[in-house]
Structures are given as structure tokens and as C-alpha cells.
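Notes follow once the structure below has been shown.
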There are 2 protein chains.
Amino acid sequence: MPRNTNKRERLIGAADRLILRQGFKQTTLSDIANDAGVPLGNVYYYFKTKREIGETIVRTRIDVTRQWLDECSRETDPRERLLKFLEFPACNREALAESGCALGTLSYELRHSGSPLDEMSRPLMDVMLEWTERQFAEMGRSDASDLALQFVASLQGMCLIANALTSPEIIDRLVEHNRRWLQSL
Amino acid sequence: MPRNTNKRERLIGAADRLILRQGFKQTTLSDIANDAGVPLGNVYYYFKTKREIGETIVRTRIDVTRQWLDECSRETDPRERLLKFLEFPACNREALAESGCALGTLSYELRHSGSPLDEMSRPLMDVMLEWTERQFAEMGRSDASDLALQFVASLQGMCLIANALTSPEIIDRLVEHNRRWLQSL
DNA sequence: GTCTATAGAGGGATAGAC
DNA sequence: GTCTATCCCTCTATAGAC
């Protein structure tokens with residue numbers, strides 16, 4: 001076990017930031033090393049391969065998402081939990097318009113990477129789908145699975161369009177629509 | 001002007017197919033040359049740079065989409081046009097689950113390419129958004145712009161999720177939902 | 001117009017000194 | 001544990017014969 005876990009975390013932070021902006025393939029190890037203030041050769045002390053960095057970032061993003069979902073789960077009413085969840089895109093409108101969804105962009109890229117890394121694409125989507133479905137189920141909806149699909153699809157599509165048009169307003173409009181939709185259920 | 005436009009079209013076809021499966025960055029010129037049965041060096045007679053191939057593919061995909069939209073525009077009722085449009089994902093469920101949407105995947109990748117090519121991401125989305133909005137407007141909806149956004153977001157999200165889970169059933173379920181939604185308007 | 005050979009740059013990965 | 005130097009492969013692009 002390395003002592004200086006600080007350096008490892010700086011590398012992960014840099015990789016996460018750069019991959020969000022540029023994608024995984026586009027991001028080079030020297031990009032990451034420079035951004036983290038670590039010499040290139042030293043990266044290999046913390047990660048055996050670039051692939052391993054990719055796997056770490058996938059796990060990190062799933063963890064960060066789970067943390068936000070746990071935060072939302074504190075609300076007593078399941079509908080309130082889903083409404084709370086919408087605060088994330090609402091508060092990150094510019095970042096989403098600039099770089100897209102951290103889960104969605106990575107998921108799409110990994111599925112086209114032609115490497116075993118593409119198997120990590122499914123868990124990236126499942127984390128949101130499963131939590132969302134649970135909330136609709138707790139609302140007593142027998143069609144919870146369909147509603148979850150509609151909800152997540154709407155949000156993922158929202159990010160893709162907002163990113164294509166570089167338009168935070170797209171986020172505003174679709175978040176508002178989803179709010180009203182949740183209220184109407 | 002080259003005589004053997006057949007060869008150029010074979011290269012475009014190969015590039016389009018490979019980029020859909022592997023993404024633009026991942027697809028090498030020798031991949032394309034091999035798939036088209038053209039020697040590597042000869043590619044440069046038809047395209048000055050790889051970038052130029054990318055631009056051509058973007059234009060091709062927009063054109064193919066326009067052709068389908070024109071086909072749909074033949075229906076007299078705007079609602080029927082939108083329902084007709086849904087036949088595309090319905091008939092291409094396996095391909096969409098395998099590789100995602102030809103417009104959406106490319107749009108997301110280009111926005112993260114860090115090259116001037118990323119400006120082509122907007123027209124990729126606009127072609128669908130504008131046509132869709134026009135149909136809702138002709139249905140007499142003053143909120144046509146919002147409805148178009150909801151519709152396209154739902155479809156783009158659908159493709160992303162179906163691709164992440166490699167599940168054509170996701171396409172079936174969300175197409176069916178959108179059908180009912182259109183009927184209910 | 002077609003094709004071979006290869007230049008040139010970039011990037012993942014390693015060797016080995018400290 | 002840290003860092004420099006470098007290997008080696010891949011990929012874009014070009015030179016130049018036919």
C-alpha cells in the first residue's frame with residue numbers, strides 16, 4: 001500500500017476532470033500527469049495501465065452518483081426524492097452543457113472503445129435506473145420500471161442535446177418539464 | 001473530378017459503418033481502407049485529411065436523416081408524420097442497441113474531440129429538432145419547441161440506455177411510450 | 001489515378017538511476 | 001517511492017514509382 005495516497009487522488013481527480021472534457025481515448029497519460037503535477041513515469045507506480053485508470057474513473061463516477069442518490073434518499077417521500085435528484089442537473093447546468101453527463105458520455109464512449117472496458121458501460125446506467133425505479137415503486141406505481149426508463153432517458157437525452165447545442169437553457173427547460181411531470185404522477 | 005466515384009463512395013460507406021461501431025477517433029484510416037478494399041495510400045487521393053472524412057460522414061448522416069424526414073413528411077397529418085418517424089427506431093432496434101444513434105453518438109464524440117470538428121455537433125441535433133418542432137407547430141401547439149425537445153431527448157436517451165445495456169427491448173418500450181404520448185396530445 | 005514504402009509525430013509502457 | 005530517458009508501436013500523412 002502506498003503511503004502518499006494524496007498523489008494517487010490527485011491523479012484520479014485530474015483524470016476525471018480531463019476525461020469529462022476530452023473523453024477517455026483523447027486524454028493522454030501525460031495530460032493527466034501534467035494536470036496533477038506528477039512526472040509521467042511516476043503515473044505507473046499508481047496505475048499499471050491506462051485501462052486501469054479508466055476502470056478507476058468508472059468506479060469513482062458510480063460512487064459519486066451513489067453518494068448523491070443517498071443524499072436524495074434522505075427525503076421521506078419518494079416523489080420528493082426524485083425532485084431532489086433534479087437539483088443536480090439544475091445546479092450543474094453550465095457544466096452539463098459544456099461536457100455532458102459524466103455517466104452518459106463515458107457510457108457511450110466505452111461502448112465504442114472496442115475493449116473489455118465496454119462491459120463497464122452497463123453499471124454506469126444501472127446505478128441511476130435502479131434507484132429511480134425503486135422510488136417509483138415506493139410511490140405505488142406498478143409501472144415503475146417504465147417510468148424509470150422514461151425519466152432517465154429524458155435526462156440523458158437532455159444532456160446530450162444541451163451539450164450538442166452548448167446550451168444550459170435546454171437543461172433548465174427539461175428539468176422544469178420533468179418537475180411538473182413528477183408532480184402530475 | 002475523379003471518374004471512379006464508386007471508390008470514393010465505398011470509402012465513405014466503410015467509414016460510416018466503422019465510425020458507427022467504433023467511434024471516429026478509434027477508427028483508423030487503414031481500418032477504413034481495408035474495409036473498403038482500397039490501399040491505404042490511395043485514401044489520400046479522395047480525402048486530404050482524416051478530418052475531411054469526418055466532415056463528410058457528418059454531412060452524410062445529416063443527409064440520410066433528411067431523407068427519412070422527407071419520407072415522413074409525405075404523411076398529411078403532422079401527428080402521423082411523427083408516428084411514422086418512430087418506425088425508424090422500431091425497425092432498427094438491434095442496430096441501435098448495438099451501436100447507439102448515428103447522430104447522437106457522433107455528436108457526443110465530436111463535442112469531446114477538442115478539434116474544430118466539434119462545431120459540427122450542433123447541426124447533427126438541429127436537423128431532428130427543427131423538423132420535429134415544425135410538426136408540433138403544425139399540430140397547432142404553441143409549445144412546439146418544448147414538445148420537440150421532450151420528444152428528441154426521450155429518443156436520444158432511449159438510444160443511450162439501450163446501447164449501454166445492449167438491449168433492443170429498451171427501444172421497444174420507449175418507442176411504444178412515445179407512440180402513446182403522441183396519440184394523447 | 002493507383003499503389004508501395006516510409007517519414008514523422010504522438011503516446012503507452014518500461015528500465016533503471018536515485 | 002520518485003523521476004528521467006527512452007523504447008516501440010501505431011497512426012497520419014507524404015514521396016514518388018508506375
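Throughout, a chain's letter reflects where its sequence line sits, starting with A, and its residues are numbered from 1.
In this structure, NZ of Lys25(A) is placed 11 Å from P of dG11(C), rounded to the nearest angstrom. Between the C1' atom of dC3(D) and the OH atom of Tyr45(A) lies a distance of 14 Å, rounded to the nearest Å. The interatomic distance linking Asp31(B) (CG) with dT10(D) (C1') rounds to 11 Å, in whole Å. The CG atom of Leu18(A) sits 15 Å away from the C1' atom of dG11(C) (whole-angstrom rounding). Here dA15(D) presents its P atom at 16 Å from CG of Asn42(B), a figure rounded to the nearest Å.
Counting only heavy atoms from C-beta on, Lys7(A) has its side chain closest to dC3(D) among dT2(C), dA13(D), dC3(D). Side-chain proximity of Leu40(B) to the nucleotides dC3(D), dT2(C), dA13(D) is greatest for dA13(D). Among the nucleotides dT14(C), dT2(C), dC11(D), the one closest to any side-chain atom of Tyr44(A) is dT14(C). Comparing dG12(C), dC3(C), dG1(D) against the side chain of Thr28(A) picks out dG12(C) as the nearest. Closest to the Lys50(B) side chain, of the nucleotides dT2(C), dA13(D), dG1(D), is dA13(D).
Between Pro39(A) and Arg51(B), the residue anchored nearer the 5' end of DNA chain D, judged by the nucleotide with its closest heavy atom, is Pro39(A).
Connection of Ile12(A) to Leu18(A) is established within a shared hydrophobic cluster, with ILVMFWY side chains joined at heavy-atom distances below 4.5 Å, either directly or through further cluster members.
Here the options are Arg17(A), Gln22(A), Arg21(A), the test is side-chain hydrogen bond (donor to acceptor under 3.5 Å, both in side chains), and the partner is Thr27(A); only Gln22(A) passes.
Between atom CG of residue Leu124(B) and atom OH of residue Tyr108(B) there is a gap of 14.0 Å, rounded to the nearest 0.5 Å.
Counting only distance, with no hydrogens or angles, the side chain of Asn163(B) and the backbone of Ala97(B) share a donor-acceptor pair below 3.5 Å.
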